[in-house]
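Here the structure is a predicted model, which means the values were calculated and not measured. Proteins get letters first, then strands, A, B, ... in listed order; numbering begins at 1 in each.
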Amino acid sequence: MLKLKNSLSFIRLPVGRECACKYSSSNKLEITFDKPPANALQSREGPHTQVAEEKYEPNKVATEELRWRTPWHQKEGQYHSFLRVFYTEKNRRSTLQRLQTQIDLSPSAIKKWWAKKKEESEIVQQAYLPERNQILGNELAAAHFIVARGGAVKFFNHDEWVKADERGKYDLPRFYEEGWELQAIDCADMPLYYEGLVNLYDLRNVEWLSLNGCENMDDWCVDRITNQFSHSLIYLDLRNCPNISARGIGCLYKLQKLKILYLDDFMKSTVYEYTCLLLEEIMPNLEIRSNPVTFEIK
Amino acid sequence: MFKTTAARACRIVSNSRKLHKTCRLSTENQGENPIRRTLRILRDDIKLIKRPANEEDYRRMLDREFPRFCDVVIIGGGAMGSSIAYWLKEKTGVDGIRVVVVEEDNTYKTCSTALSVGGLRQQFSLQENIQMSLFGAEFLRTLKKRFGPDADVNFHPNGYLLLSSEAGAQQLIDNSKLQTELGAVNMVLTKNQIKERFPWMDVDDVAVGCLGLEKEGWFDPWSLLTVLKNGAHKKGAQYINAKAVDFVFQNREDIIVEGVEQGNYEAINELVVEMPNGERRTIQFAYCIIAAGCKSKEIAEKARIGTGSGMLSLSLPVEKRKRYVYTFSCRENAPTLNTPMVVDYTHMYFRREGLGDTFIAGMSPEPEDEPPTDDLEVDYSYFDEKIWPVLVKRVPAFECIKVNGGWSGFYEYNTYDMNGIIGPHPYYTNLYLATGFSGHGIQQAPAVGRAISELILDGNFQTIDLTRLGFDRFIVEKPMFELRIV
């Protein structure tokens with residue numbers, strides 16, 4: 001046996017030896033499987049309309065139904081040669097690739113590799129943890145996520161911002177408690193990734209969000225944020241996010257209550273400026289500011 | 001005994017194809033002295049032992065000669081073909097398998113990828129389509145990580161809005177449930193909610209709509225093609241400007257394929273291509289992938305798919321269909337930023353193009369209105385007669401518009417069930433298909449490329465199981481159609 005591939009088996013045998021599969025002497029396709037296809041070889045003009053009437057649902061067709069041949073090695077009567085011991089369903093593609101790739105040991109390549117590894121691990125760190133949300137509830141889980149990474153949050157009916165001190169300590173309930181509802185999230189200068197934004201889903205009433213200095217934010221992140229906070233956000237700060245383009249700004253109309261939007265430089269380019277003007281036109285309550293704002297976090 | 005040997009020798013000499021011919025693909029050194037050429041090739045081969053430090057030089061050296069042999073030949077260098085080439089090289093490395101992409105037209109003038117509208121949506125009813133589009137969105141998002149900081153496809157995250165009449169409402173809601181289950185983010189809106197969000201729209205005859213909230217919108221397909229092509233080329237795939245015209249068959253009695261009478265299997269492992277100067281050459285391959293879009297059927301017939309007997313009597317149900325896209329401008333009260341890509345239940349779609357009150361629109365014609373597919377002429381009366389009345393009904397502000405122009409492109413229309421055909425051909429052990437995407441292929445190109453590379457390199461699907469979209473569905477009669485929203 002040379003190779004087994006999908007459901008298709010092909011083997012190299014001395015010519016003249018009988019094969020286990022049945023075949024007919026005629027030219028017509030005759031395949032040995034349980035249910036012979038009724039009109040397999042007839043012309044098929046618009047079968048979809050015809051089948052649709054019988055409530056045929058494509059999503060309910062199982063993968064096995066597509067298999068009309070038995071792989072050679074699964075057939076009865078096929079002997080197992082001792083070489084089969086060395087056969088695995090998994091192949092060693094990645095090992096081969098690693099062997100064939102040249103190892104670059106120049107300092108710049110190592111630096112790049114290290115940066116990539118660090119980024120990958122940071123992305124894994126920011127992934128959604130179902131346990132965290134189950135123990136804390138969405139609001140507190142999001143708060144823990146932000147504060148532990150150097151951000152700050154503020155809750156309704158709590159006058160002070162919560163922020164970690166120099167040693168990384170902060171004061172937040174460690175289990176679910178009633179009455180904690182996020183009002184403001186400050187992610188200034190946090191290494192927040194797209195994958196980390198998944199922790200901010202289903203927050204009830206966040207009115208204030210600052211992404212000032214989150215360099216990894218791009219249009220796709222804006223897309224996600226506009227969905228997550230579409231019902232509540234009033235203040236949004238997108239300064240020092242060089243990867244957000246006019247196209248990302250253009251979809252901020254989805255934030256229905258947005259009133260204040262901070263941007264780096266309103267006049268960055270003509271398209272950018274025009275997008276901002278159009279945004280102000282369709283959102284009469286919106287004010288776009290590009291002067292620096294100062295605020296203090298206690 | 002002597003007779004047969006002599007006959008074989010005669011055949012080898014008379015059959016010019018068997019003689020190894022090399023040619024330079026670049027125009028420099030045309031009419032080179034054969035001895036010089038031999039020496040140069042030998043010199044290049046020796047140079048290749050010590051690999052040039054510069055990757056660019058190395059690739060140029062490999063690209064210079066016509067590939068007489070390769071591991072995988074891909075027919076068609078559009079988004080699909082380039083994506084497959086990229087993934088094959090990505091999974092094996094520069095020194096891995098040799099991949100050759102045969103592209104007929106270097107300018108991509110009639111390539112469907114370049115002429116597509118570039119929508120990105122997950123609003124399908126078939127599980128595989130949703131998963132492939134989700135991966136497409138993920139691929140586009142992480143494009144910079146793969147292809148460097150310059151790779152950009154100008155994604156507009158403006159969403160997709162599917163509108164449905166009373167009859168299709170239940171279907172739309174069911175689809176939305178399935179999409180949400182698989183990870184798409186969308187929302188079913190009632191008539192009033194649509195009116196509230198998009199006050200410029202007239203939705204009196206609409207029952208519900210489904211609005212994509214994340215990862216939906218549109219992008220520039222030409223940029224994606226360029227990024228994929230450059231990415232594949234950088235990883236070592238070779239693009240040659242030639243037209244695939246024929247396959248060379250070989251009777252292989254030693255290969256047994258179930259469903260084929262033993263001893264009758266005819267294998268293909270050579271592709272005949274026609275160079276721009278009319279010269280014919282052959283490329284020997286281990287695997288061949290047909291990703292030639294609307295020309296796939298033509299090429300498949302060269303491999304006797306649809307003309308042979310038995311399994312080969314099933315033809316590839318991929319047809320060329322022409323679709324028009326019109327651009328128009330609306331000067332007064334035009335919807336501006338808050339315009340998602342709207343797909344009406346009449347299968348008319350429109351979206352904003354740029355910021356200057358310009359829009360593009362198109363429509364899938366009824367079967368009796370199918371335009372001829374001989375050329376890419378645009379029929380403007382179709383817009384006036386069919387699209388504009390629907391458009392005005394949907395958006396009253398489009399009452400006074402001016403058509404600026406339009407273009408048309410070919411769909412690789414799968415007449416069987418309007419979905420892609422991905423995977424191996426049941427007869428051949430080394431022929432794979434990636435075609436028939438019927439107009440929604442561009443967003444699935446990354447996923448299809450990955451799937452085909454998994455089939456070839458890993459032996460089966462590793463990530464998204466696309467078995468149900470294989471050619472086998474024509475044999476077992478299980479159409480995988482999209483449940484259309486009416």
>> So if I take each residue of residues 117-124 of chain A and look for any heavy atom under 4.5 Å from a heavy atom in chain B, which residues do I end up with?
In response: E119(A), I123(A)
> Where along residues 274-282 of chain A does a heavy atom come under 4.5 Å of chain B, listed by residue number?
Replying inline: Y274(A), T275(A), L278(A), L279(A), I282(A)
> Side chain, backbone, both or neither: which part of S125(B) has a non-hydrogen atom closer than 4.5 Å to chain A?
Replying inline: backbone
>> Ignoring hydrogens, what is the shortest heavy-atom contact between T70(A) and E258(B)? Give both atom names and the distance.
In response: O-OE1, 3.2 Å
> For Y194(A), is the NZ or CZ atom of R224(A) found under 6.0 angstrom from the centre of its six-membered ring and inside 45 degrees of the ring axis?
Replying inline: yes
>> Heavy-atom cut-off 4.5 Å, strictly under: side chain, backbone, both or neither for E57(A) against chain B?
In response: neither
>> I need the residue from L355(B), D95(B), L178(B) with the largest number of non-hydrogen atom pairs under 4.5 Å to chain A.
In response: L355(B)
>> Minimum heavy-atom separation for P479(B) and Y56(A), please, with both atom names.
In response: O-OH, 2.8 Å
>> Using heavy-atom distances under 4.5 Å, tell me whether E196(B) contacts chain A through its side chain, its backbone, both, or neither.
In response: neither
> When you check the gap from the basic side-chain N to the acidic O, do E214(B) and K254(A) get nearer than 4.0 Å?
Replying inline: no
> chain A heavy atoms under 4.5 Å from L312(B): which part of the residue, side chain, backbone, both or neither?
Replying inline: neither
> Which class fits the ring pair F155(B) and W220(A): parallel under 30°, tilted 30 to 60°, perpendicular over 60°?
Replying inline: parallel
>> Report which part of K145(B) has an atom under 4.5 Å of a heavy atom belonging to chain A: side chain, backbone, both, or neither.
In response: side chain
> What part of D174(B) gets closer than 4.5 Å to chain A, counting heavy atoms only: side chain, backbone, both or neither?
Replying inline: neither
> For chain A, which of L213(B), L140(B), L126(B), D458(B) has the most heavy-atom pairs under 4.5 Å?
Replying inline: D458(B)
>> Before you tell me yes or no, could you show the steps for N186(B) and Q122(B) under side-chain contact (heavy atoms from CB on, under 4.5 Å), namely the whole-Å CA-CA distance, both residues' side-chain angles and the distance that decides it to 0.1 Å?
In response: CA-CA 9 Å; N186(B) 57 37; Q122(B) 287 89 45; 5.8 Å; no
>> Please classify the contact between V271(A) and chain B as side chain, backbone, both or neither, with a heavy-atom cut-off of under 4.5 Å.
In response: both
>> Looking only at heavy atoms and a cut-off of under 4.5 Å, which of Q127(B), E128(B), R141(B) has the most pairs with chain A?
In response: R141(B)
> How are the rings of W218(B) and H156(B) set to each other: parallel, tilted or perpendicular (split at 30° and 60°)?
Replying inline: parallel
> Which atoms of T336(B) come close to chain A, meaning under 4.5 Å heavy atom to heavy atom: side chain ones, backbone ones, both, or neither?
Replying inline: side chain
> What option among V94(B), N338(B), V185(B) has the most heavy-atom pairs under 4.5 Å with chain A?
Replying inline: N338(B)
> Using 4.0 Å as the upper bound for N to carboxylate O, is an ion pair formed by D104(A) and K112(A)?
Replying inline: no
> Hey, what's the ring geometry for F471(B) with F474(B), parallel, tilted or perpendicular (30° and 60° as the breaks)?
Replying inline: perpendicular
>> Please identify, among T467(B), N154(B), N158(B), the residue contributing the most non-hydrogen atom pairs under 4.5 Å to chain A.
In response: N154(B)
> Highest number of heavy-atom pairs under 4.5 Å with chain A: which of S315(B), G423(B), G96(B)?
Replying inline: G96(B)
>> On a heavy-atom basis, which atom in L316(B) and which in I305(B) lie closest, and how many Å separate them?
In response: N-CG2, 4.1 Å
> Quick one: does Y287(B)'s side chain get under 4.5 Å of L88(B)'s, heavy atoms only?
Replying inline: no
